[in-house]
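Note sheet for the following structure.
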Amino acid sequence: VQLQASGGGLVQAGGSLRLSCAASGRTFSSYNIAWFRQAPGKEREFVAVISWSINNRYYADAVKGRFTISRDNAKNTVYLQMNSLKPEDTAVYYCAAKTLRMTMDGTEYEYWGQGTQVTVSS
């Protein structure tokens, strides 16, 4: 599967953005899709994941209550709605896909998108 992340941009603190991860491939609905982010000088970190069945979602503590992950299998797209953005949310956001077990461990993901920059000004 090929992934294309989009929707990043510059926003003021307290604002909102919606990221999209569009996938190619007929088996998109079989994949768990996660968002990760990497800020300058920092390691990549897990943000959120949604299972292939849509029944399970997990969030990093840092974004819980502010971010919502969702998916539309008919459109082969996963979304990350980001509200109440903070300057510390500034990073390049990546979507990633894997089959079978859902995990927050980025090393287990098989496919990655190219990333989209999110910048939150104070």
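Side chains included, hydrogens not; waters and symmetry mates left out as well; all remaining heavy atoms used.
- The distance from atom CZ of Phe67 to atom OG of Ser16, rounded to the nearest 0.5 Å, is 9.5 Å.
- Put simply, OG1 on Thr77 and CG on Asp72 are 6.5 Å apart, with the number rounded to the nearest 0.5 Å.
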Report task. Give the intermediate values and the outcome of side-chain hydrogen bond (donor to acceptor under 3.5 Å, both in side chains) for residues Asn32 and Ser51. Result -> CA-CA 4 Å; Asn32 304 301; Ser51 67; 4.9 Å; no
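- Atoms OG and CD, from Ser122 and Gln12 in turn, are 9.5 Å apart once rounded to the nearest 0.5 Å.
- Closest heavy-atom contact between Ala48 and Leu80: CB-CD1, 4.2 Å.
- A distance of 9.5 Å separates CG in Leu100 from OG in Ser30, rounded to the nearest 0.5 Å.
- Nearest heavy atoms, Ala23 versus Leu3: CB-CD2, 3.6 Å.
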**Report entry** Intermediate values then yes/no, side-chain contact (heavy atoms from CB on, under 4.5 Å), Trp52 and Asn73
**Finding:** CA-CA 9 Å; Trp52 65 270; Asn73 285 339; over 6 Å; no
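- With sequence neighbours excluded, no residue forms a salt bridge (charged side-chain N to carboxylate O under 4.0 Å, His left out) with Glu88.
- Sequence neighbours left out, not one pair with a member in residues 4-13 passes salt bridge (Lys or Arg N to Asp or Glu O under 4.0 Å).
- Every salt bridge (charged side-chain N to carboxylate O under 4.0 Å, His left out) that Arg66 has, sequence neighbours left out, goes to Asp89.
- Considering CZ of Arg44 and OG1 of Thr107, their distance stands at 7.5 Å, rounded to 0.5 Å.
- Side-chain contact between Tyr111 and Tyr31 is present, with heavy atoms from C-beta onward closer than 4.5 Å.
- By the salt bridge (charged side-chain N to carboxylate O under 4.0 Å, His left out) test, Lys42 pairs with no residue at all, sequence neighbours left out.
- A heavy-atom distance below 4.5 Å is not found between the side chains of Leu19 and Arg37.
- Met104 belongs to a hydrophobic cluster whose remaining members, ordered by chain and number, are Phe36, Phe46, Val49, Tyr58, Val92, Tyr94, Met102, Tyr109, Trp112; membership requires side-chain heavy atoms of ILVMFWY residues under 4.5 Å apart, directly or through intermediates.
- Interatomic distance, Arg71 CZ to Ser53 OG, rounded to the nearest 0.5 Å: 8.5 Å.
- At a threshold of 4.5 Å between side-chain heavy atoms, the hydrophobic network of Ile, Leu, Val, Met, Phe, Trp and Tyr places Val120 and Leu17 in one connected group.
- Between the Thr116 side chain and the Ala5 main chain, no donor and acceptor come within less than 3.5 Å of each other.
- Residues Val1 and Ser24 approach most closely at CG2-O, 2.8 Å, considering heavy atoms.
- When atom types are taken as modelled, the side chain of Tyr59 and the backbone of Ile69 share a donor-acceptor pair closer than 3.5 angstrom.
- Note on Tyr79: it does not cluster hydrophobically with Met82, by side-chain heavy-atom contacts below 4.5 Å among ILVMFWY residues.
- Around CD of Gln117, the count of heavy atoms belonging to other residues, nucleotides or ligands within 6.0 Å exceeds 12.
- Sequence neighbours left out, the pairs with a member in residues 104-122 that pass salt bridge (Lys or Arg N to Asp or Glu O under 4.0 Å) are Arg101-Glu108.
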